[in-house]
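Only one structure is covered here, and it is reproduced in the block below.
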Amino acid sequence: MGEEMKAWERRIHRVSPYTPGEQPKMENIVKLNTNENPYPPAPAVQEAIRSFDVQQLRKYPDPAVAELSSAIADTYQVPKDQVFVGVGSDDVLAMSFLTFFHSEDPVLFPDITYSFYDVWAQEFEIPFETVPLKEDFTIDPLDYIPRERGGRREGPIGGIVIPNPNAPTGIDANVSAIRSIVENNPDVVVIIDEAYVDFGATSVLPMINTFDNLMVVQTFSKSRSLAGSRIGYGFGSKKLIKYLSDVKYSFNSYTMDAITMKVGVASLSDPDYFASCCQKIVATREEAKQRLRALGFHFPDSRTNFIFARHESVPAKELFTALREAGIIVRHFNQPRIDNYLRITIGTDQQMQRLYTFLEEYLQQAGWRAGD
Ligand SMILES: *Cc1c(COP(=O)(O)O)cnc(C)c1O
(Lines give C-alpha, C1' and ligand atoms only; values in the text may rest on other atoms or scores of the structure.)
Protein backbone atom coordinates (compact mmCIF):
# COMPACT_ATOMS: atom_id res chain seq x y z
CA MET A 1 0.00 0.00 0.00
CA GLY A 2 1.37 3.34 -1.04
CA GLU A 3 4.68 1.74 -1.82
CA GLU A 4 6.77 3.62 -4.31
CA MET A 5 7.22 2.07 -7.76
CA LYS A 6 10.79 1.02 -8.47
CA ALA A 7 12.38 2.12 -11.73
CA TRP A 8 12.56 -1.47 -13.00
CA GLU A 9 8.88 -1.94 -12.33
CA ARG A 10 8.11 0.64 -14.98
CA ARG A 11 9.64 -1.62 -17.60
CA ILE A 12 7.56 -4.60 -16.66
CA HIS A 13 4.81 -6.08 -18.79
CA ARG A 14 1.82 -6.05 -16.47
CA VAL A 15 -1.36 -8.05 -17.02
CA SER A 16 -4.43 -8.88 -14.97
CA PRO A 17 -4.20 -12.64 -14.66
CA TYR A 18 -6.92 -15.16 -15.40
CA THR A 19 -8.64 -16.38 -12.23
CA PRO A 20 -8.97 -20.15 -12.30
CA GLY A 21 -11.85 -21.85 -10.51
CA GLU A 22 -11.11 -22.66 -6.91
CA GLN A 23 -9.61 -26.03 -5.94
CA PRO A 24 -10.79 -26.18 -2.32
CA LYS A 25 -8.94 -28.29 0.22
CA MET A 26 -12.00 -29.10 2.35
CA GLU A 27 -13.03 -32.73 2.63
CA ASN A 28 -16.24 -34.39 1.53
CA ILE A 29 -17.23 -31.53 -0.75
CA VAL A 30 -19.31 -31.77 -3.90
CA LYS A 31 -17.11 -30.01 -6.41
CA LEU A 32 -19.22 -28.61 -9.25
CA ASN A 33 -17.21 -25.48 -10.03
CA THR A 34 -14.61 -26.18 -12.72
CA ASN A 35 -16.36 -28.42 -15.25
CA GLU A 36 -14.17 -31.39 -14.47
CA ASN A 37 -15.47 -34.85 -15.36
CA PRO A 38 -16.66 -36.81 -12.30
CA TYR A 39 -15.72 -40.16 -13.83
CA PRO A 40 -12.18 -41.57 -13.90
CA PRO A 41 -10.06 -41.53 -17.07
CA ALA A 42 -10.22 -44.67 -19.26
CA PRO A 43 -8.81 -47.79 -17.51
CA ALA A 44 -6.10 -47.94 -20.20
CA VAL A 45 -4.72 -44.66 -18.79
CA GLN A 46 -4.05 -46.27 -15.42
CA GLU A 47 -2.32 -49.15 -17.20
CA ALA A 48 -0.19 -46.79 -19.32
CA ILE A 49 1.07 -45.04 -16.19
CA ARG A 50 1.69 -48.31 -14.35
CA SER A 51 3.73 -49.76 -17.19
CA PHE A 52 5.61 -46.56 -18.07
CA ASP A 53 9.36 -47.16 -18.45
CA VAL A 54 11.01 -44.59 -16.21
CA GLN A 55 14.18 -44.77 -18.34
CA GLN A 56 12.25 -42.77 -20.90
CA LEU A 57 12.47 -39.77 -18.62
CA ARG A 58 16.25 -39.50 -19.09
CA LYS A 59 15.64 -38.24 -22.60
CA TYR A 60 13.87 -35.17 -23.88
CA PRO A 61 10.35 -35.97 -25.01
CA ASP A 62 9.40 -35.95 -28.69
CA PRO A 63 8.89 -32.25 -29.56
CA ALA A 64 6.52 -33.21 -32.39
CA VAL A 65 4.39 -35.35 -30.03
CA ALA A 66 4.19 -37.70 -33.04
CA GLU A 67 2.63 -40.75 -31.37
CA LEU A 68 -0.19 -38.77 -29.79
CA SER A 69 -0.69 -36.62 -32.91
CA SER A 70 -1.07 -39.79 -34.98
CA ALA A 71 -3.55 -41.24 -32.53
CA ILE A 72 -5.59 -38.00 -32.68
CA ALA A 73 -5.32 -37.96 -36.49
CA ASP A 74 -6.60 -41.56 -36.65
CA THR A 75 -9.41 -40.95 -34.18
CA TYR A 76 -10.70 -37.91 -36.07
CA GLN A 77 -9.79 -39.08 -39.58
CA VAL A 78 -7.68 -36.01 -40.26
CA PRO A 79 -4.21 -35.99 -41.93
CA LYS A 80 -1.39 -35.77 -39.39
CA ASP A 81 -0.11 -32.47 -40.73
CA GLN A 82 -3.46 -30.89 -39.94
CA VAL A 83 -3.21 -31.69 -36.21
CA PHE A 84 -1.56 -29.55 -33.54
CA VAL A 85 -1.07 -30.79 -29.97
CA GLY A 86 -0.58 -28.56 -26.94
CA VAL A 87 -0.43 -28.65 -23.17
CA GLY A 88 -4.14 -28.25 -22.61
CA SER A 89 -6.31 -26.34 -25.04
CA ASP A 90 -5.28 -23.22 -23.11
CA ASP A 91 -1.83 -23.73 -24.63
CA VAL A 92 -3.26 -24.37 -28.10
CA LEU A 93 -5.43 -21.25 -27.83
CA ALA A 94 -2.64 -19.06 -26.43
CA MET A 95 -0.29 -20.15 -29.24
CA SER A 96 -3.07 -19.56 -31.75
CA PHE A 97 -3.64 -16.02 -30.47
CA LEU A 98 0.08 -15.35 -30.67
CA THR A 99 0.36 -16.78 -34.19
CA PHE A 100 -2.87 -15.81 -35.92
CA PHE A 101 -3.81 -12.48 -34.39
CA HIS A 102 -1.04 -10.17 -35.48
CA SER A 103 -2.60 -7.06 -36.93
CA GLU A 104 -3.83 -3.62 -35.88
CA ASP A 105 -7.44 -4.70 -36.31
CA PRO A 106 -9.42 -5.91 -33.31
CA VAL A 107 -10.07 -9.57 -32.67
CA LEU A 108 -13.74 -10.23 -31.92
CA PHE A 109 -15.24 -12.51 -29.29
CA PRO A 110 -18.49 -12.50 -27.29
CA ASP A 111 -18.87 -10.25 -24.23
CA ILE A 112 -19.88 -13.28 -22.19
CA THR A 113 -17.41 -16.05 -22.88
CA TYR A 114 -14.33 -17.91 -21.71
CA SER A 115 -12.52 -15.40 -19.53
CA PHE A 116 -9.07 -16.33 -20.78
CA TYR A 117 -9.54 -14.66 -24.19
CA ASP A 118 -9.17 -11.09 -23.01
CA VAL A 119 -6.26 -12.13 -20.77
CA TRP A 120 -4.32 -13.52 -23.74
CA ALA A 121 -5.23 -10.52 -25.86
CA GLN A 122 -3.80 -8.21 -23.20
CA GLU A 123 -0.80 -10.45 -22.64
CA PHE A 124 0.11 -10.40 -26.32
CA GLU A 125 -1.03 -6.81 -26.85
CA ILE A 126 -3.62 -7.85 -29.40
CA PRO A 127 -6.38 -5.29 -29.95
CA PHE A 128 -9.81 -6.80 -29.28
CA GLU A 129 -13.48 -5.91 -29.10
CA THR A 130 -16.17 -7.86 -27.35
CA VAL A 131 -19.46 -8.41 -29.17
CA PRO A 132 -22.57 -8.48 -26.94
CA LEU A 133 -24.52 -11.71 -26.99
CA LYS A 134 -28.23 -11.28 -27.67
CA GLU A 135 -30.59 -10.88 -24.71
CA ASP A 136 -31.10 -14.66 -24.61
CA PHE A 137 -27.31 -15.20 -24.61
CA THR A 138 -27.20 -16.59 -28.15
CA ILE A 139 -24.67 -15.44 -30.72
CA ASP A 140 -25.87 -13.48 -33.71
CA PRO A 141 -23.58 -14.45 -36.61
CA LEU A 142 -24.36 -11.16 -38.38
CA ASP A 143 -22.45 -9.30 -35.64
CA TYR A 144 -19.30 -11.04 -36.87
CA ILE A 145 -19.90 -10.53 -40.59
CA PRO A 146 -18.75 -7.31 -42.33
CA ARG A 147 -21.47 -5.03 -43.66
CA GLU A 148 -20.24 -5.31 -47.20
CA ARG A 149 -20.90 -9.04 -46.97
CA GLY A 150 -24.41 -8.64 -45.64
CA GLY A 151 -23.55 -8.59 -41.94
CA ARG A 152 -23.78 -5.93 -39.27
CA ARG A 153 -20.13 -5.38 -38.43
CA GLU A 154 -19.02 -1.83 -39.28
CA GLY A 155 -15.34 -1.74 -38.35
CA PRO A 156 -12.39 -3.87 -39.38
CA ILE A 157 -11.90 -7.41 -38.02
CA GLY A 158 -8.49 -8.80 -37.05
CA GLY A 159 -9.67 -12.31 -36.18
CA ILE A 160 -12.50 -14.13 -34.41
CA VAL A 161 -12.66 -16.57 -31.53
CA ILE A 162 -15.90 -18.23 -30.48
CA PRO A 163 -16.45 -21.19 -28.16
CA ASN A 164 -19.06 -23.60 -29.45
CA PRO A 165 -20.88 -24.42 -27.24
CA ASN A 166 -20.20 -21.12 -25.50
CA ALA A 167 -19.04 -21.00 -21.89
CA PRO A 168 -20.35 -20.21 -19.35
CA THR A 169 -23.76 -20.06 -21.08
CA GLY A 170 -23.72 -23.67 -22.34
CA ILE A 171 -25.48 -22.66 -25.56
CA ASP A 172 -24.39 -24.08 -28.91
CA ALA A 173 -24.62 -22.16 -32.16
CA ASN A 174 -25.76 -24.15 -35.13
CA VAL A 175 -23.28 -25.28 -37.73
CA SER A 176 -24.67 -23.02 -40.44
CA ALA A 177 -24.19 -19.94 -38.22
CA ILE A 178 -20.53 -20.83 -37.67
CA ARG A 179 -20.17 -21.59 -41.34
CA SER A 180 -21.46 -18.20 -42.34
CA ILE A 181 -19.01 -16.49 -39.97
CA VAL A 182 -16.03 -18.42 -41.36
CA GLU A 183 -17.18 -18.12 -44.96
CA ASN A 184 -17.63 -14.36 -44.70
CA ASN A 185 -14.29 -13.71 -43.01
CA PRO A 186 -11.82 -15.20 -45.51
CA ASP A 187 -9.16 -12.59 -44.67
CA VAL A 188 -8.75 -13.50 -41.00
CA VAL A 189 -8.37 -16.64 -38.91
CA VAL A 190 -11.48 -17.86 -37.10
CA ILE A 191 -10.93 -20.05 -34.03
CA ILE A 192 -13.77 -22.25 -32.82
CA ASP A 193 -13.10 -23.46 -29.28
CA GLU A 194 -14.90 -26.80 -28.94
CA ALA A 195 -13.94 -27.60 -25.32
CA TYR A 196 -17.45 -28.97 -24.63
CA VAL A 197 -18.47 -30.32 -28.04
CA ASP A 198 -18.48 -33.98 -26.94
CA PHE A 199 -21.52 -33.45 -24.71
CA GLY A 200 -23.98 -33.27 -27.57
CA ALA A 201 -23.14 -30.34 -29.86
CA THR A 202 -21.96 -30.67 -33.46
CA SER A 203 -18.30 -30.12 -34.31
CA VAL A 204 -17.36 -27.96 -37.28
CA LEU A 205 -14.23 -30.06 -37.80
CA PRO A 206 -15.28 -31.19 -41.32
CA MET A 207 -15.18 -27.52 -42.38
CA ILE A 208 -11.37 -27.41 -42.17
CA ASN A 209 -11.45 -29.08 -45.58
CA THR A 210 -13.37 -26.15 -47.03
CA PHE A 211 -11.89 -23.18 -45.19
CA ASP A 212 -8.14 -22.78 -44.77
CA ASN A 213 -8.64 -19.96 -42.22
CA LEU A 214 -10.50 -22.13 -39.70
CA MET A 215 -8.89 -23.47 -36.53
CA VAL A 216 -10.90 -25.95 -34.44
CA VAL A 217 -9.67 -26.52 -30.87
CA GLN A 218 -10.62 -29.37 -28.52
CA THR A 219 -9.39 -30.80 -25.21
CA PHE A 220 -8.99 -34.00 -23.16
CA SER A 221 -9.78 -32.03 -19.98
CA LYS A 222 -13.54 -32.29 -19.87
CA SER A 223 -14.93 -35.18 -21.90
CA ARG A 224 -11.92 -37.46 -21.35
CA SER A 225 -11.53 -36.79 -17.62
CA LEU A 226 -7.92 -35.62 -18.03
CA ALA A 227 -7.84 -32.01 -16.84
CA GLY A 228 -4.83 -32.93 -14.68
CA SER A 229 -2.80 -34.20 -17.65
CA ARG A 230 -3.05 -31.04 -19.74
CA ILE A 231 -3.76 -32.27 -23.28
CA GLY A 232 -5.33 -30.05 -25.91
CA TYR A 233 -5.31 -30.23 -29.67
CA GLY A 234 -6.41 -28.35 -32.69
CA PHE A 235 -7.19 -28.93 -36.36
CA GLY A 236 -6.72 -26.66 -39.32
CA SER A 237 -5.37 -26.41 -42.83
CA LYS A 238 -1.83 -27.63 -43.38
CA LYS A 239 -0.64 -24.05 -43.71
CA LEU A 240 -2.31 -22.90 -40.52
CA ILE A 241 -0.82 -25.77 -38.52
CA LYS A 242 2.62 -25.11 -39.95
CA TYR A 243 2.56 -21.45 -38.85
CA LEU A 244 1.32 -22.50 -35.41
CA SER A 245 4.04 -25.12 -34.98
CA ASP A 246 6.75 -22.66 -36.00
CA VAL A 247 5.70 -20.27 -33.22
CA LYS A 248 5.39 -23.07 -30.69
CA TYR A 249 8.88 -24.41 -31.45
CA SER A 250 10.39 -20.98 -31.08
CA PHE A 251 8.79 -20.63 -27.68
CA ASN A 252 9.41 -23.95 -25.97
CA SER A 253 9.82 -27.11 -28.05
CA TYR A 254 9.33 -29.65 -25.25
CA THR A 255 6.11 -28.68 -23.60
CA MET A 256 4.44 -32.08 -23.35
CA ASP A 257 6.15 -34.68 -21.19
CA ALA A 258 6.66 -38.32 -22.13
CA ILE A 259 4.16 -39.70 -19.60
CA THR A 260 1.38 -37.41 -20.74
CA MET A 261 1.84 -38.49 -24.37
CA LYS A 262 1.27 -42.13 -23.33
CA VAL A 263 -1.71 -41.10 -21.24
CA GLY A 264 -3.28 -39.38 -24.24
CA VAL A 265 -2.75 -42.34 -26.55
CA ALA A 266 -4.19 -44.70 -23.93
CA SER A 267 -7.26 -42.51 -23.50
CA LEU A 268 -7.97 -42.58 -27.23
CA SER A 269 -7.61 -46.38 -27.31
CA ASP A 270 -10.97 -46.89 -25.60
CA PRO A 271 -13.71 -45.15 -27.60
CA ASP A 272 -16.48 -47.16 -25.91
CA TYR A 273 -15.50 -45.99 -22.46
CA PHE A 274 -15.33 -42.40 -23.73
CA ALA A 275 -18.77 -42.64 -25.32
CA SER A 276 -20.34 -44.18 -22.21
CA CYS A 277 -18.94 -41.44 -19.91
CA CYS A 278 -20.26 -38.73 -22.22
CA GLN A 279 -23.66 -40.46 -22.36
CA LYS A 280 -23.84 -40.68 -18.58
CA ILE A 281 -23.11 -36.99 -18.20
CA VAL A 282 -25.67 -36.06 -20.85
CA ALA A 283 -28.31 -38.21 -19.11
CA THR A 284 -27.52 -36.63 -15.72
CA ARG A 285 -27.63 -33.17 -17.31
CA GLU A 286 -31.05 -33.77 -18.86
CA GLU A 287 -32.37 -34.90 -15.49
CA ALA A 288 -30.76 -31.88 -13.82
CA LYS A 289 -32.67 -29.61 -16.21
CA GLN A 290 -35.96 -31.05 -14.97
CA ARG A 291 -35.00 -31.03 -11.31
CA LEU A 292 -33.65 -27.47 -11.37
CA ARG A 293 -36.63 -26.20 -13.35
CA ALA A 294 -38.97 -27.68 -10.75
CA LEU A 295 -36.98 -25.80 -8.09
CA GLY A 296 -37.55 -22.44 -9.77
CA PHE A 297 -34.35 -22.12 -11.78
CA HIS A 298 -34.17 -20.66 -15.27
CA PHE A 299 -31.36 -21.43 -17.68
CA PRO A 300 -30.50 -21.58 -21.34
CA ASP A 301 -30.63 -25.07 -22.82
CA SER A 302 -27.15 -26.48 -22.18
CA ARG A 303 -25.29 -28.83 -24.47
CA THR A 304 -22.26 -28.99 -22.18
CA ASN A 305 -21.32 -30.60 -18.86
CA PHE A 306 -22.66 -27.62 -16.92
CA ILE A 307 -25.86 -25.61 -16.50
CA PHE A 308 -25.85 -21.83 -16.25
CA ALA A 309 -28.80 -21.04 -14.04
CA ARG A 310 -30.47 -18.24 -12.12
CA HIS A 311 -33.15 -18.65 -9.54
CA GLU A 312 -36.45 -16.83 -10.00
CA SER A 313 -36.40 -15.35 -6.48
CA VAL A 314 -33.16 -16.05 -4.62
CA PRO A 315 -30.09 -14.06 -5.73
CA ALA A 316 -27.18 -16.12 -7.11
CA LYS A 317 -24.66 -14.72 -4.65
CA GLU A 318 -26.80 -15.78 -1.72
CA LEU A 319 -27.27 -19.29 -3.11
CA PHE A 320 -23.57 -19.53 -3.89
CA THR A 321 -22.67 -18.76 -0.27
CA ALA A 322 -25.30 -21.09 1.18
CA LEU A 323 -24.19 -23.91 -1.12
CA ARG A 324 -20.59 -23.35 -0.19
CA GLU A 325 -21.36 -23.56 3.51
CA ALA A 326 -23.04 -26.88 2.79
CA GLY A 327 -19.89 -28.11 1.02
CA ILE A 328 -21.30 -27.77 -2.49
CA ILE A 329 -19.01 -25.66 -4.64
CA VAL A 330 -20.35 -24.03 -7.82
CA ARG A 331 -19.06 -21.08 -9.85
CA HIS A 332 -20.30 -17.52 -9.61
CA PHE A 333 -19.01 -14.78 -11.91
CA ASN A 334 -19.02 -11.25 -10.54
CA GLN A 335 -19.57 -9.72 -13.96
CA PRO A 336 -22.14 -7.52 -15.67
CA ARG A 337 -25.13 -9.37 -17.17
CA ILE A 338 -24.32 -12.69 -15.48
CA ASP A 339 -23.86 -11.91 -11.80
CA ASN A 340 -27.23 -13.44 -10.97
CA TYR A 341 -26.26 -16.80 -12.47
CA LEU A 342 -24.50 -19.86 -11.13
CA ARG A 343 -22.54 -22.23 -13.33
CA ILE A 344 -23.18 -25.72 -12.04
CA THR A 345 -20.98 -28.53 -13.37
CA ILE A 346 -22.74 -31.85 -13.97
CA GLY A 347 -21.39 -34.36 -11.45
CA THR A 348 -22.37 -37.95 -10.75
CA ASP A 349 -26.03 -38.70 -10.04
CA GLN A 350 -25.11 -39.00 -6.38
CA GLN A 351 -23.42 -35.60 -6.28
CA MET A 352 -26.35 -34.01 -8.07
CA GLN A 353 -28.73 -35.60 -5.59
CA ARG A 354 -26.89 -33.82 -2.77
CA LEU A 355 -27.35 -30.57 -4.67
CA TYR A 356 -31.11 -31.11 -5.19
CA THR A 357 -31.66 -32.16 -1.58
CA PHE A 358 -29.86 -29.10 -0.26
CA LEU A 359 -31.68 -26.75 -2.64
CA GLU A 360 -35.09 -28.23 -1.77
CA GLU A 361 -34.53 -27.59 1.93
CA TYR A 362 -32.89 -24.23 1.48
CA LEU A 363 -35.54 -22.87 -0.84
CA GLN A 364 -38.32 -24.11 1.40
CA GLN A 365 -36.75 -22.29 4.34
CA ALA A 366 -36.33 -19.20 2.19
CA GLY A 367 -40.09 -19.30 1.65
CA TRP A 368 -39.97 -20.17 -2.03
CA ARG A 369 -42.78 -22.32 -3.39
CA ALA A 370 -43.26 -23.60 -6.91
CA GLY A 371 -45.88 -21.62 -8.79
CA ASP A 372 -45.78 -18.56 -6.54
C1 LIG B 1 -11.93 -25.58 -20.04
C2 LIG B 1 -11.86 -24.71 -21.23
C3 LIG B 1 -10.69 -24.58 -21.97
C4 LIG B 1 -9.35 -25.06 -21.50
O5 LIG B 1 -9.22 -26.34 -21.27
P6 LIG B 1 -7.81 -27.01 -21.07
O7 LIG B 1 -7.92 -27.69 -19.76
O8 LIG B 1 -6.72 -25.99 -21.09
O9 LIG B 1 -7.72 -27.95 -22.21
C10 LIG B 1 -10.73 -23.84 -23.13
N11 LIG B 1 -11.85 -23.23 -23.55
C12 LIG B 1 -12.97 -23.30 -22.85
C13 LIG B 1 -14.17 -22.60 -23.35
C14 LIG B 1 -13.02 -24.03 -21.66
O15 LIG B 1 -14.13 -24.06 -20.94
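Source: prediction; values computed, not measured.
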Flag yes if V119 and F333 sit in one hydrophobic cluster, no otherwise; membership is Ile, Leu, Val, Met, Phe, Trp, Tyr, and two members link when side-chain heavy atoms are under 4.5 Å apart.
no
If we ignore hydrogens and angles and just use 3.5 Å, is the side chain of R293 paired with the main-chain N or O of G296 as donor and acceptor?
no
Please answer whether the main-chain N or O of K6 pairs with a side-chain N or O of E9 as donor and acceptor at a distance below 3.5 Å.
yes
Indicate the ring-plane relationship of Y114 and W120, choosing parallel, tilted or perpendicular according to the 30° and 60° boundaries.
perpendicular
Donor-acceptor pair between S69 and K80 side chains, under 3.5 angstrom
no
Q350, CD atom: more than 12 neighbouring heavy atoms under 6.0 Å:
no
Determine whether the aromatic ring centres of residues Y254 and Y60 are separated by less than 6.0 angstrom.
yes
Please report the C-alpha distance between L240 and F100 in whole Å, then the side-chain angles of each, then the deciding distance to 0.1 Å, and finally whether the side chain to side chain contact (heavy atoms under 4.5 Å, CB included) criterion is met.
CA-CA 8 Å; L240 213 61; F100 304 139; 3.6 Å; yes
Which atom pair, heavy atoms only, marks the closest approach of A73 to P79?
CB-C, 4.3 Å
Side chains of D198 and N305 in contact at under 4.5 Å (non-hydrogen atoms)
no
Membership question, hydrophobic clusters at under 4.5 Å side-chain separation (ILVMFWY): are V330 and F306 in the same one?
yes
Tell me, with the steps shown, if T130 and D118 meet side chain to side chain contact (heavy atoms under 4.5 Å, CB included).
CA-CA 9 Å; T130 57; D118 60 344; 5.9 Å; no
If you group Ile, Leu, Val, Met, Phe, Trp and Tyr by side-chain heavy-atom gaps below 4.5 Å, do I29 and L359 land in one group?
no
With the side chain counted from C-beta on, respond yes when F137 and I338 share a heavy-atom pair under 4.5 Å apart, and no when they do not.
yes
Whether the side chain of N185 engages the backbone of V188 through a donor-acceptor N/O pair (distance < 3.5 Å, no angle test) should be reported.
no
May I ask you to check whether F235 and Y233 place their ring centers less than 6.0 Å from one another?
yes
May I ask you to test the Y117-F97 pair for a side-chain heavy-atom distance under 4.5 Å?
yes
Describe, in one word, how the ring planes of F109 and F128 are oriented to each other, choosing from parallel (under 30°), tilted (30 to 60°) and perpendicular (over 60°).
parallel
Check against side-chain hydrogen bond (donor to acceptor under 3.5 Å, both in side chains), Y18 and D90
CA-CA 11 Å; Y18 170 77; D90 285 342; 6.0 Å; no
Within a 6.0 Å radius of atom OH on Y249, are there more than 12 heavy atoms belonging to other residues, nucleotides or ligands?
yes
How far apart are the C-alpha atoms of R354 and Q351, what are their side-chain angles, what is the distance that settles it, and do they pass the side-chain hydrogen bond (donor to acceptor under 3.5 Å, both in side chains) test?
CA-CA 5 Å; R354 253 182 80 180; Q351 289 177 313; over 6 Å; no
Side-chain touch V263/V45, heavy atoms, less than 4.5 angstrom
yes
If you define the side chain from C-beta out and look only at heavy atoms, does anything of S267 sit under 4.5 Å from F274?
no
Can you tell me if Y362 and E318 form a side-chain donor-acceptor pair at under 3.5 Å?
yes
Closest non-hydrogen contact found for A322 with F358 is O-CZ, 3.5 Å
Short question: side chain of T138, backbone of K134 - any donor-acceptor pair under 3.5 Å?
no
Mind telling me whether H311 and F297 have parallel, tilted or perpendicular rings, with 30° and 60° as the class edges?
perpendicular
Please check if the side chain of E194 supplies one atom and the backbone of V204 the other of a donor-acceptor pair under 3.5 Å.
yes
How far apart are the C-alpha atoms of T284 and T348, what are their side-chain angles, what is the distance that settles it, and do they pass the side chain to side chain contact (heavy atoms under 4.5 Å, CB included) test?
CA-CA 7 Å; T284 306; T348 61; over 6 Å; no
Rounded to the nearest 0.5 Å, what's the gap from CG on L323 to CG on N33? Could you check?
11.5 Å
Using atom types as modelled and distance alone, determine if a side-chain donor or acceptor of N166 lies under 3.5 Å from a backbone N or O of I112.
yes
Quick one: does any side-chain atom of S276 pair with a main-chain N or O of Y273 as donor and acceptor, under 3.5 Å?
yes
Pairwise distance OG(S103) to CD1(I126) - rounded to 0.5 angstrom
9.0 Å
Taking CD in E148 as the centre, count heavy atoms belonging to other residues, nucleotides or ligands within less than 6.0 Å. Is the count above 12?
yes
Measuring from atom CD1 of I281 to atom CG of D349, what distance do you get when rounded to the nearest 0.5 angstrom?
10.5 Å
D111 and R337 ion-paired at < 4.0 Å:
yes
Taking the six-membered ring of F52 (Phe, Tyr or Trp), confirm whether the NZ or CZ of K262 is under 6.0 Å from its centre and within 45° of its axis.
no
Rounded at 0.5 Å granularity, tell me how far CZ in R343 sits from OG1 in T34.
7.5 Å
Using the test salt bridge (charged side-chain N to carboxylate O under 4.0 Å, His left out), find all partners of E125 that sit at least two apart in sequence or belong to another chain.
none
Is the closest basic N to carboxylate O distance between D81 and K242 below 4.0 Å?
no
Do I208 and V175 share a hydrophobic cluster (ILVMFWY, side-chain heavy atoms under 4.5 Å, transitive)?
yes
Determine whether V30 and L355 make a side-chain contact, defined as any pair of heavy atoms from C-beta on separated by less than 4.5 Å.
no
Can you get from I328 to L295 by hopping between Ile, Leu, Val, Met, Phe, Trp and Tyr side chains that sit under 4.5 Å apart?
yes
Sidechain-backbone polar pair: H13 side chain, E123 backbone, donor-acceptor under 3.5 Å:
yes
Do E154 and P146 touch side chain to side chain, with heavy atoms closer than 4.5 Å?
no
Answer yes when K289 and D301 have at least one side-chain N-carboxylate O distance shorter than 4.0 Å, and no when they do not.
yes
Distance col, row T219:OG1 vs N35:CG, nearest 0.5 angstrom, shows 11.5 Å
Check whether D91 reaches the backbone of G232 with its side chain - one donor and one acceptor, N or O, closer than 3.5 Å.
no
Could you give the distance from CG (L32) to CD1 (I329), rounded to the nearest 0.5 Å?
8.5 Å
So does N37 get a backbone contact from the side chain of S225, meaning a donor-acceptor N/O pair under 3.5 Å?
no
Between E183 and R149 the two heavy atoms that sit nearest each other are O-NH1, 4.0 Å
R224, K222, K31, R331 screened by salt bridge (Lys or Arg N to Asp or Glu O under 4.0 Å) with E36, the one that passes:
K31
Relative to Y196, does R303 satisfy both conditions: NZ or CZ under 6.0 angstrom from the six-membered ring centre, and within 45 degrees of the ring's axis?
no
Could you walk me through whether T260 and D257 satisfy the side-chain hydrogen bond (donor to acceptor under 3.5 Å, both in side chains) test, starting with their C-alpha distance in whole Å, then the side-chain angles of each, then the deciding distance to 0.1 Å, before giving a yes or no?
CA-CA 6 Å; T260 301; D257 69 88; 2.6 Å; yes
Are there more than 12 heavy atoms of other residues, nucleotides or ligands under 6.0 Å from atom NE2 of H298?
yes
Is I191 close to F101 at the side-chain level, that is, under 4.5 Å between some pair of heavy atoms?
yes
Walk me through whether M261 and Q56 qualify under side chain to side chain contact (heavy atoms under 4.5 Å, CB included).
CA-CA 12 Å; M261 291 181 205; Q56 294 291 324; over 6 Å; no
